Amino acid sequence: MPATDTSVTGALHARRSVRAFTDRPVDPALLKEIFATAQRAPSGGNLQPWQVTVLTGEPWQAVKDAVAARIAMGREGQEPEYDIYPRALTEPWTDRRFGVGEALYASLGIPREDKAGRLARFMDNYRGFDAPVMLFLHCSRIMGPPQWSDMGMWLQSVMLLLVEHGLASCPQECWAMYGATIRRTLGLDDGQILFTGLAIGYADTDAAVNQWAVPRAPLDEVIDWKGF
């Protein structure tokens with residue numbers, strides 16, 4: 001699918017979780033246009049539960065600095081908002097999760113035994129892979145699973161619109177491991193819960209980490225046809 005194809009199908013094929021960005025700034029007017037269009041995303045009862053904080057420059061650096069200080073504390077510094085993965089994860093989901101991780105490190109030439117190299121690369125998550133813009137998606141704690149689904153539909157809408165306009169992104173639930181720190185830094189009260197971050201910018205198309213093929217499960221693993 002050519003990169004210039006801005007149809008929905010083209011955007012879905014082109015979208016990927018980009019893990020290396022250039023330092024090219026993003027026009028805030030373009031972001032405003034994208035977010036205005038994404039407001040057409042569906043939500044049960046038209047609640048539109050998503051609430052968003054978008055950062056660049058010094059405010060974005062302040063979040064990175066605050067989280068880095070917590071990371072330096074080790075496990076005690078973590079303040080998880082929720083379990084990012086189920087604690088009792090089983091196959092086929094374990095295979096998919098660890099398989100994509102191995103493929104990512106392979107694209108970077110970091111073998112399994114290079115624990116330090118893998119850790120250093122993992123820490124790039126908490127720099128947003130050098131993206132110039134970070135979006136934090138949060139909502140009221142009174143919201144339940146249906147509203148979190150609504151947030152996901154809004155987020156997918158944003159990611160596809162970014163592709164349409166030549167931008168790239170990477171959804172990052174890892175920020176929820178330090179949710180309280182981020183909320184304090186952003187001035188959000190405890191009535192909010194952090195769902196995810198979304199790194200936004202222009203992809204470094206020469207970076208190997210942005211070039212490997214991310215597998216998807218075949219239809220017969222996820223769809224059961226009846227009555228056809």
Side-chain angles (χ1 to χ4, degrees), residues 1-41 50 52-68 100-101 103-110 120-138 151-176 182 185-186 194-216:
M1 185 69 62
T4 55
D5 183 354
T6 58
S7 67
V8 175
T9 299
L12 277 165
H13 278 282
R15 192 218 65 81
R16 65 177 294 132
S17 294
V18 165
R19 293 180 172 86
F21 292 85
T22 72
D23 60 1
R24 179 181 172 186
V26 180
D27 183 355
L30 177 55
L31 290 176
K32 185 176 290 188
E33 177 185 343
I34 288 169
F35 297 146
T37 304
Q39 284 298 104
R40 300 302 306 167
W50 47 84
V52 182
T53 303
V54 186
L55 309 172
T56 194
E58 291 183 5
W60 173 207
Q61 187 61 51
V63 170
K64 288 184 279 189
D65 291 344
V67 171
V100 76
L104 187 154
Y105 289 119
S107 74
L108 296 165
I110 305 175
R121 181 61 199 185
F122 177 77
M123 294 307 296
D124 286 347
N125 279 281
Y126 294 106
R127 290 184 286 273
F129 306 110
D130 296 323
V133 175
M134 175 56 66
L135 177 157
F136 286 113
L137 179 57
H138 44 94
M151 285 196 292
M153 289 187 281
W154 181 87
L155 191 67
Q156 174 78 326
S157 299
V158 169
M159 290 190 288
L160 295 180
L161 289 164
L162 289 167
V163 170
E164 179 183 354
H165 290 280
L167 287 156
S169 65
C170 184
Q172 293 185 274
E173 292 173 330
C174 65
W175 292 102
I182 293 169
T185 307
L186 298 181
L194 180 69
F195 171 28
T196 188
L198 182 72
I200 297 172
Y202 291 92
D204 180 351
T205 55
D206 294 329
V209 74
N210 290 335
Q211 296 176 5
W212 58 284
V214 183
R216 289 294 186 265

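Treat the numbers as computed from the prediction; the structure is a model and nothing was measured. Residue indices begin at 1 and follow the sequence shown.
- Here the side chains of Val54 and Phe35 are in contact, with some heavy-atom distance below 4.5 Å.
- Val26 and Pro132 make their closest contact through CG2-CG, 4.1 Å (heavy atoms, listed as atom of the first residue, atom of the second, distance).
- Nearest heavy atoms, Thr53 versus His138: OG1-NE2, 3.0 Å.
- We find the CG-CG distance between Leu31 and Leu162 to be 7.0 Å, quoted to the nearest 0.5 Å.
- In this structure, CZ in Arg121 is found 5.0 Å from CG in Leu108, a value given to the nearest 0.5 Å.
- Here the shortest heavy-atom pairing between Arg15 and Pro171 reads NH1-CD, 4.4 Å.
- One finds the CG atom of Asp204 at 10.0 Å from the CG atom of Asp130 (value rounded to the nearest 0.5 Å).
- A donor-acceptor pair under 3.5 Å is absent between the side-chain atoms of Trp175 and the main chain of Leu194, judged by distance alone.
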Step by step, would you call Val133 with Trp60 a side-chain contact (heavy atoms from CB on, under 4.5 Å)? CA-CA 7 Å; Val133 175; Trp60 173 207; over 6 Å; no
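- Here the side chain of Thr196 pairs no donor or acceptor atom with the backbone of Leu137 at under 3.5 angstrom.
- For the pair Met159/Leu155, a side-chain contact is recorded, criterion being any heavy-atom separation below 4.5 Å from C-beta on.
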How far apart are the C-alpha atoms of His165 and Leu30, what are their side-chain angles, what is the distance that settles it, and do they pass the side-chain contact (heavy atoms from CB on, under 4.5 Å) test? CA-CA 8 Å; His165 290 280; Leu30 177 55; 3.5 Å; yes
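- With sequence neighbours left out, Gln39 forms a side chain to side chain donor-acceptor pair (under 3.5 Å) with Gln48, Trp50, Trp154.
- Counting heavy atoms from C-beta outward, Asn210 and Thr205 have side chains that stay 4.5 Å or more apart.
- Remark: side-chain polar atoms of Gln172 are not paired, donor with acceptor, to backbone N or O of Gly128 under 3.5 angstrom.
- Proximity of a side-chain donor or acceptor of Asp124 to a complementary backbone N or O of Arg19 within less than 3.5 Å is not detected.
- To the nearest 0.5 Å, the span separating OG1 on Thr185 from NZ on Lys64 amounts to 13.0 Å.
- Closest non-hydrogen pair, Gly166 versus Tyr202, comes out as O-CD2, 3.5 Å.
- A donor-acceptor contact shorter than 3.5 Å is absent between the side chain of Arg16 and the backbone of Ala213.
- Minimum heavy-atom separation, Ala38 to Val158: CB-CG2, 3.6 Å.
- Here the straight-line distance linking atom CG of Leu135 with atom CD1 of Ile34 works out to 11.0 Å at 0.5 Å rounding.
- Contact of the Val52 side chain with the Met151 side chain is not registered, since no non-hydrogen atoms from C-beta on lie closer than 4.5 Å.
- Contact detail for Ala20 and Val18: the closest heavy-atom pair is O-CG1, 3.2 Å.
- For the pair Ile182 and Val67, the minimum side-chain heavy-atom distance is below 4.5 Å.
- Remark: Phe21 pairs with no residue by the ring pair (Phe, Tyr, Trp, His ring centres under 6.0 Å) rule, at least two apart or across chains.
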